Amino acid sequence: MALEKSSQNSSELELLSFRLAEEEYSVDIMSVREIRGWTRATPLPHAPHHVRGVINLRGTVLPVVDLSVRLGMEPVEGDARNVIIVVQVGTQTAGLLVNAVSDILALPRTELQPPPELAADCAHSFIEALTIVDGRMIRVLDLAAVLPDDNAEAA
Amino acid sequence: MATDPMAEIRASFFIECEELLESLQDALSDMDEGNQDNETINVVFRAVHSIKGGAGAFGLNALVGFAHRYETVLDELRSGRLSITPDAMKLFFQAADLLQDQVRAARDGAPPPDGSEPCLVALEALMGGAPKAAEEEEDVSDFQPMGLAFDFGPVDDEAPPARPAWTVRFKPSAALYASGNEPLHLLRALGKLGECKTRCEMGALPDLDTLEPEASYFEWISEISGDVTDFDIREVFDFVEDVCEIEITSANTAQATLDMSGLAALEGADSSPFPEAPQVVMPMAEAAPMTRVDEPAPVEQAPLPAPSALAPTPEPAAPVAAAATGGGGREARESGGGAEPQATVRVDLDRIDRLVNLVGELVINQAMLAQSVAEAGLPPNSAVMTGLEAFMMLTRDIQDSVMMIRAQPVKPLFQRMARIVREASAAVGKEVRLKTEGEATEVDKTVIERLADPLTHMIRNSVDHGLETPEKRVAAGKSPEGVITLSAQHRSGRVVIEITDDGAGINRPKVRAKAIEKGLIAPDAQLSDGEIDNLLFLPGFSTADQVSALSGRGVGMDVVRQAIQGLGGRITIHSEPGKGTRFSISLPLTLAVLDGMVVNVANETLVVPLSSILETATLTDEDIRALGPNTNVIHVRGAFVPLYDLGAELGYRAPKSSYAGGIVLLTAQENGTRSALVVDSILEQRQVVIKGLQRSYGHIPGVAAATILGDGQIALILDPADLVSNASGRTRSQSFALAG
């Protein structure tokens, strides 16, 4: 927790960037717990489409969100090259299924820009900020919005 | 963790208080059932006394004040000067409840609850009216105002008339040593009372060759001055007075001499120059013969040779020994009074939870190991296989033992309900008796904790709605006293808790009318009796014509049902007009493991709780009958059972066109409803560790939890009852329906 705080307060920000379809996204590295290779998830009945299922994370049941579907794109195929990023937001832990992890970026907080107000795009509400690194646009995800709702009825 | 040692001691005092309150309730119930022997009364007295003692140490004055006044009355009872009447019992129960409130208030640092005064006054009035022996007459009449004057201080705070100096002669018998007491501790405790000079009389010590090693030869004479009463001194020797000789003499008057006959004190008291003193002495003097009742070794036998001196039954020895080691804090140590010699350890619940989790991991790991060994293709009689088998058995044993740590008897819960009944019946003016059965039934601690609220609600309902008024009961030819039975028992891997009243039963026409009035059902709805009863569980349903203080505010049985379902349990009603109503709550034994049948449905692995499966069968075409366009039933053992396709219900696939040759699990619910679930194949039967989904994901209809299988994959554990109640029942594909 202390670390998380310091990263928020400091001017430097570290992002873990990953690929979804052909786009680049990223999350604050402080909320990433680990990165795992693809394992088959057990599907949950009556779950929303973006919930891929649950996997066994060393004895705990971890829900896995197909980030691609969540952001309104085609589902990730789910093969050996795909990875699950285990993230923690508050008390909630979940896995994000992405195509591949690409990089760790360190950049000053000041380089983040709020996303422009745009038409009602499904992915739009999940994006917290935008930045440009080496000429590539990188989206910073709002994890709390992406994760399945705590205690939500899964129907 | 708490860094303040005082806070820790304080916390353990309150835990101890809970135990004492429990034994107090127990003993009171015993007395209520007519078991009014001295030991039972002693347990009651000791519990209150110990609470007072501990509370005094923490300066909880309100609690001490209450406990003291309660104790004073109980002491009268103990000494036989007060007879037990039903009314008195009621007051004792009420006082015990209030004592509990006081303890809780003290624990939470809340201001002491009001309303204890009337009960105390009524209690003390009992003493006034108690039959008394002639020579005690004047003392008792003096006693009463004194009891009131005590209010917020223990006896010892009562200002002594002067600063008398006391001479205490203390001659331990061999039995005192044999029961593990140490005179040094007692003398130290004595020394703490005031300025104290002690010398040892060794005159009786024989020569070495005639010396009996286990006999007692010394006596001590202490002179105490300062702010000390006779009572304080006796308290020091409270637990050893029957295994030693004590003489307490006031320096100026030979005031009280208590030898073991316990009678001299009475005579001494009469000549006392201090009017208060005799009253303090009297209960003690009276108590002496009483204590001896449970101590089989009379004092006359004290200088017995060692073997028989060591022989007294362990029960009476236990509290004495505890008192000796406790030294100054003797009162607090007295807990339980030796009635339960079992040694117990208090453990932080978190540690147990951690252990439970670890054992869960162990079980999963063992399964994974077994699977890889099986895949390695080792011969079945190889050392690895035998070793693995032993390992499996051990794992299972460990798991059972760990689960047992978490399991607790439902008794404390039931005792809380006894109080609810007392309060509720008093509030509505009904005579109600609570009968409890199966108090020793053990249930997981979490289950017990979360059961308290729904049970309270249901008990109140039973008192308020279930039972009739005494007049109506008499008119119906019943005893004016209503009986509510609370029972717990293990039944096929679950715990069933039943609340039965012998009241009028559910008034179905009224329930129906109410439901129509509230718009819960259509006026022309055809409902079976069972369906009408179940209307009680609808949100916002309440039949009470008048909203009483107890119930009828419209939050009721629906909340109860939710709470029970949250525990993985189910609740059912059974009611017979004129005879009464029975609520059955069926709960899982533990929230950690279950025996399940591992099945395969549409290439997904699922676990079905074994407790819900009646039988399994292979379907043939003749078994299946069409019911509606989309639904089928099967004919099993003379009954039609609805057929559900698990794969379709869980959304894994569309309903199949034919189920012939498929495997069906016949499941039964607590209310007797049966249903047939189609699966593709049965893999195995095994114990699985329950992993909650609630916290990580949320509730999924039809799914109780998840587990981790031997291959490390997660499998879902079904909740057949929930599945069926949410099911579409579609077991015929559209094309099939058209073709048929």
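Being a predicted model, the structure only gives us computed values, none of them experimental.
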Chemist: Would the number of heavy atoms belonging to other residues, nucleotides or ligands and lying under 6.0 Å from CE of Met73(A) be above 12?
Modeler: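 Yes - once you tally the heavy atoms of other residues, nucleotides and ligands closer than 6.0 Å, there are more than 12.
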
Chemist: Taking all non-hydrogen atoms of both residues, which atom of Pro45(A) and which atom of Val703(B) are closest, and how far apart?
Modeler: CG-CG2, 3.9 Å

Chemist: Provide the closest heavy-atom pair for Gln713(B) versus Arg40(A) in the form atom of the first, atom of the second, distance.
Modeler: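 That would be NE2-O, 3.4 Å.
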
Chemist: CZ of Arg136(A): more than 12 outside heavy atoms within 6.0 angstrom?
Modeler: yes

Chemist: Is it true that atom CD of Glu684(B) has more than 12 heavy atoms of other residues, nucleotides or ligands lying nearer than 6.0 Å?
Modeler: yes

Chemist: Between Leu62(A), Leu57(A), Thr42(A), Leu44(A), which is the residue that forms a side chain to side chain contact (heavy atoms under 4.5 Å, CB included) with Ile714(B)?
Modeler: Thr42(A)

Chemist: Under a 4.5 Å heavy-atom cutoff, which of Thr60(A), Val61(A), Asn56(A) has the most pairs with chain B?
Modeler: Asn56(A)

Chemist: Counting heavy atoms not belonging to Met137(A), are there more than 12 under 6.0 Å from its CE?
Modeler: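 Yes, CE of Met137(A) has more than 12 neighbouring heavy atoms, counting only those of other groups under 6.0 Å.
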
Chemist: Of the non-hydrogen atoms in His46(A) and Pro701(B), which two are nearest, and what is the gap between them?
Modeler: CD2-O, 3.8 Å

Chemist: So what's closer than 4.5 Å to chain A heavy atoms on Ile708(B): side chain, backbone, both or neither?
Modeler: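 Looking at Ile708(B), just its side chain touches chain A.
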
